[in-house]
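Source: prediction; values computed, not measured. Counting from 1, the numbers follow the sequence of the chain as shown.
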Amino acid sequence: MEQRTLGKTARNVSVIGLGTWQLGADWGSVEPKDATAVLEAAADAGVNFFDTADVYGDGRSEQTIGAFLEENPGLDITVATKMGRRVDQVPENYTLSNFREWTDRSRRNLRQDTLDLVQLHCPPSAVYSSAEVYDALDTLVSEGVIRNYGVSVERTDEALEAIRRGNTATVQIILNAFRLKPLDEVLPAARQAGVGIIARVPLASGLLSGKYSKDTAFPEDDHRNYNRTGAAFDVGETFSGVDFETGLAAAQEFSALVPDGVSTAQAALAWIIAQDGVSTVIPGARSAAQARANAEAGGHSEVGNSMSAGVQDIYDRYFREAVHPRW
């Protein structure tokens with residue numbers, strides 16, 4: 001699989017990574033053996049970048065990855081985790097003492113002395129412009145607790161603020177065929193600053209898999225059920241913030257753009273990695289078969305290039321007015 005440098009980390013990572021929110025059982029239940037099978041299948045397919053967070057399953061995702069890496073010491077896997085969502089979301093909680101507590105917990109979960117990459121997990125907007133926050137993160141780097149740090153954001157203005165900070169290694173942002181705003185300013189700014197871009201929610205919570213219909217039902221403990229209106233967290237995290245029925249109609253048109261030989265989901269991933277400035281994209285997987293199929297998209301970047309005009313047209317007609325000003 002093609003590899004790209006992950007911003008200022010200087011690490012080479014696969015263009016298709018693995019998002020592990022699902023392994024924390026926040027998308028419905030998942031058995032431990034199935035979670036491990038997903039990690040095995042991804043690694044076997046050439047994926048060497050795993051993204052997790054301390055709140056995914058209250059640490060379950062991190063723990064699963066930690067056990068897997070300990071059992072497979074020969075694998076060269078870069079693990080990115082996130083911190084900051086374990087407390088009330090006020091800027092005052094983003095302190096060095098809390099950072100120490102959170103990273104120590106993640107180090108235990110992941111069974112690592114030094115964390116490869118730690119990202120602030122969509123904190124309050126004021127945090128991105130706080131000099132004290134970046135000083136605290138620099139302290140953790142100097143002490144050998146973490147190697148690099150980055151941010152995960154909801155909005156493009158937050159991404160641009162973080163990119164302006166000299167030691168920000170990466171920015172993780174929602175980028176998919178239904179969320180194009182990062183192409184306007186964020187990706188160009190990141191390229192110029194040498195900051196890596198990690199594209200998340202790449203399939204719009206599954207809408208871009210082409211497998212959903214108006215009759216699709218989601219489990220009660222699945223955020224695609226309980227967070228459709230943003231009741232639990234930012235609605236942009238669920239179906240990329242687009243109306244489900246509108247998303248279904250747009251997904252039908254997207255599927256019509258897909259050439260023979262690739263699935264709709266693979267084409268959606270291929271479109272993202274074709275965007276200049278993207279380091280890696282992190283689809284989730286609930287099964288080994290899904291992990292393998294996602295990884296195969298890494299070999300289809302030419303498909304992504306061929307769909308650019310059609311993707312832009314769909315976005316302009318279905319989503320620009322509702323989505324573009326918001327995030």
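Interatomic distance, Leu207 CG to Thr264 OG1, rounded to the nearest 0.5 Å: 12.0 Å. Of the inter-residue distances, the one linking His223 atom NE2 with Phe218 atom CZ reads 9.0 Å to the nearest 0.5 angstrom. The CG atom of Leu257 lies 12.0 Å from the CH2 atom of Trp271; values are rounded to the nearest 0.5 Å.
Linking Ile, Leu, Val, Met, Phe, Trp and Tyr whenever their side-chain heavy atoms come within less than 4.5 Å puts Val127 and Ile173 in one cluster. No continuous path of hydrophobic side-chain contacts links Ile198 to Trp327 [ILVMFWY only; heavy atoms under 4.5 Å]. Note on Val281 and Leu208: same hydrophobic cluster, where clusters join Ile, Leu, Val, Met, Phe, Trp and Tyr whose side-chain heavy atoms are under 4.5 Å apart, directly or indirectly. Val201 and Ile273 are members of different hydrophobic clusters when ILVMFWY side chains are connected at heavy-atom separations under 4.5 Å. Two different hydrophobic clusters hold Ile282 and Met83 under the rule that ILVMFWY side chains link at heavy-atom gaps under 4.5 Å.
Within the structure, ring pair (Phe, Tyr, Trp, His ring centres under 6.0 Å) contacts touching residues 277-317 (residues at least two apart or in different chains) are Tyr315-His324. Every pair tested for ring pair (Phe, Tyr, Trp, His ring centres under 6.0 Å) that includes a residue from residues 275-299 fails, sequence neighbours excluded, so the list is empty. The ring pair (Phe, Tyr, Trp, His ring centres under 6.0 Å) contacts involving residues 124-181 comprise Phe178-Phe319, where partners must be two or more places apart or lie in separate chains. Identified under the ring pair (Phe, Tyr, Trp, His ring centres under 6.0 Å) test for residues 182-203, with sequence neighbours left out: none.
Two residues are said to be in side-chain contact when any heavy atoms from C-beta on lie closer than 4.5 Å; Gln290 and Gln22 fail this criterion. A heavy-atom distance below 4.5 Å is found between the side chains of Leu175 and Leu183. Side-chain atoms of Ile146 and Thr103, non-hydrogen and from C-beta on, do get closer than 4.5 Å to each other. Looking at heavy atoms from C-beta onward, Asn167 lies out of side-chain contact with Lys8 at the 4.5 angstrom threshold. Side-chain contact between Ile16 and Pro283 is present, with at least one heavy-atom pair separated by less than 4.5 Å. Counting heavy atoms from C-beta on, the side chains of Asn98 and Glu101 come closer than 4.5 Å. Residues Leu187 and Asp276 form no side-chain contact, since every pair of their non-hydrogen atoms from C-beta on lies 4.5 Å or further apart. Looking at Val235 and Arg326, their side chains come closer than 4.5 Å, going by heavy atoms from C-beta outward.
Relative ring orientation between Phe233 and Tyr226 is described as perpendicular, the plane-to-plane angle rising above 60° on a 0-90° scale split at 30° and 60°. Between Trp102 and Phe99, the ring planes are tilted. Angles from 30° to 60° get that label.
Listed by chain and residue number, Asn109 satisfy the side-chain hydrogen bond (donor to acceptor under 3.5 Å, both in side chains) test with Gln63 (two or more places apart in sequence, or in another chain). For Asp34, there are no side-chain hydrogen bond (donor to acceptor under 3.5 Å, both in side chains) partners at least two apart in sequence or on another chain. When the side-chain hydrogen bond (donor to acceptor under 3.5 Å, both in side chains) test is applied to Gln3, no partner is found at least two apart in sequence or on another chain. Residues that satisfy the ring pair (Phe, Tyr, Trp, His ring centres under 6.0 Å) test with Phe244, not counting sequence neighbours, are Phe239.
A donor-acceptor pair under 3.5 Å links the side-chain atoms of Ser213 to the main chain of Asp215, judged by distance alone. Asp88 places no side-chain N or O within donor-acceptor distance of the main-chain N or O of Val90, the cut-off being under 3.5 Å. Between the side chain of Thr20 and the backbone N or O of Leu23, no donor-acceptor pair lies under 3.5 Å. For Glu158 (side chain) and Arg155 (main-chain N/O), a donor-acceptor pair under 3.5 Å exists by modelled atom type. The closest donor-acceptor contact from the side chain of Glu220 to the backbone of Asn225 lies at 3.5 Å or more, if one exists at all. Listed for the Arg179 side chain is no donor-acceptor partner under 3.5 Å among the backbone atoms of Ile174. Judged purely by atom type and a 3.5 angstrom limit, Ser301 has no side-chain atom pairing as donor or acceptor with the backbone of Ala270. A donor-acceptor contact shorter than 3.5 Å links the side chain of Asn294 to the backbone of Gly284.
No side-chain donor-acceptor contact under 3.5 Å links Asp184 and Thr156. A side-chain donor-acceptor contact under 3.5 Å links Thr238 and Asn227. Asp316 and Gln312 are linked by a side-chain donor-acceptor pair at a separation below 3.5 angstrom, with hydrogens and angles left out of the test.
For Glu321, the CD atom counts as loosely surrounded, since its 6.0 Å shell holds 12 or fewer non-hydrogen atoms of other residues, nucleotides or ligands. By the 6.0 Å contact criterion, CD on Gln252 is open, its count of non-hydrogen atoms from other residues, nucleotides or ligands being 12 or less.
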Intermediate values then yes/no, side-chain contact (heavy atoms from CB on, under 4.5 Å), Thr78 and Thr9: CA-CA 10 Å; Thr78 296; Thr9 72; over 6 Å; no
Can you give each donor-acceptor pair under 3.5 Å made by side-chain atoms of residues 159-166, sequence neighbours left out, with the distance rounded to 0.1 Å?
unit_1	atom_1	unit_2	atom_2	d
Glu161	OE1	Arg164	NH2	2.9
Glu161	OE2	Arg165	NH2	3.1
Arg165	NH2	Ser129	O	3.1

Identify every side-chain donor-acceptor pair in residues 38-49 under 3.5 Å, counting partners at least two apart or on other chains, and give the distances.
unit_1	atom_1	unit_2	atom_2	d
Asn48	OD1	Ser14	N	2.7
Asn48	OD1	Ser14	OG	3.2
Asn48	ND2	Asn12	O	3.3

For residues 65-74, dump all side-chain donor-acceptor pairs below 3.5 Å to protein atoms at least two apart in sequence or in another chain.
unit_1	atom_1	unit_2	atom_2	d
Glu70	OE1	Arg111	NH1	2.5
Asn72	ND2	Phe68	O	2.8

Acceptor/donor pairs from residues 112-119 side chains to any protein atom, 3.5 angstrom cut, sequence neighbours excluded:
unit_1	atom_1	unit_2	atom_2	d
Thr114	OG1	Gly144	O	2.7
Asp116	OD1	Arg11	NH2	3.2
Asp116	OD1	Arg147	NH1	2.8
Asp116	OD2	Val79	N	3.0
Gln119	OE1	Gln172	NE2	2.7
Gln119	NE2	Asp51	OD1	3.1
Gln119	NE2	Thr81	O	3.1

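In this structure, Asp58 pairs ionically with Arg105, as a charged nitrogen and a carboxylate oxygen lie closer than 4.0 Å. Using a 4.0 Å cut-off between charged side-chain N and carboxylate O, Glu253 and Arg317 make a salt bridge. Comment: Glu154 engages Arg200 in a salt bridge, judged by a side-chain N to carboxylate O separation of less than 4.0 angstrom.
Shown here for Ala10 and Thr5, the closest heavy-atom pair between the two residues is CA-CG2, 3.9 Å.
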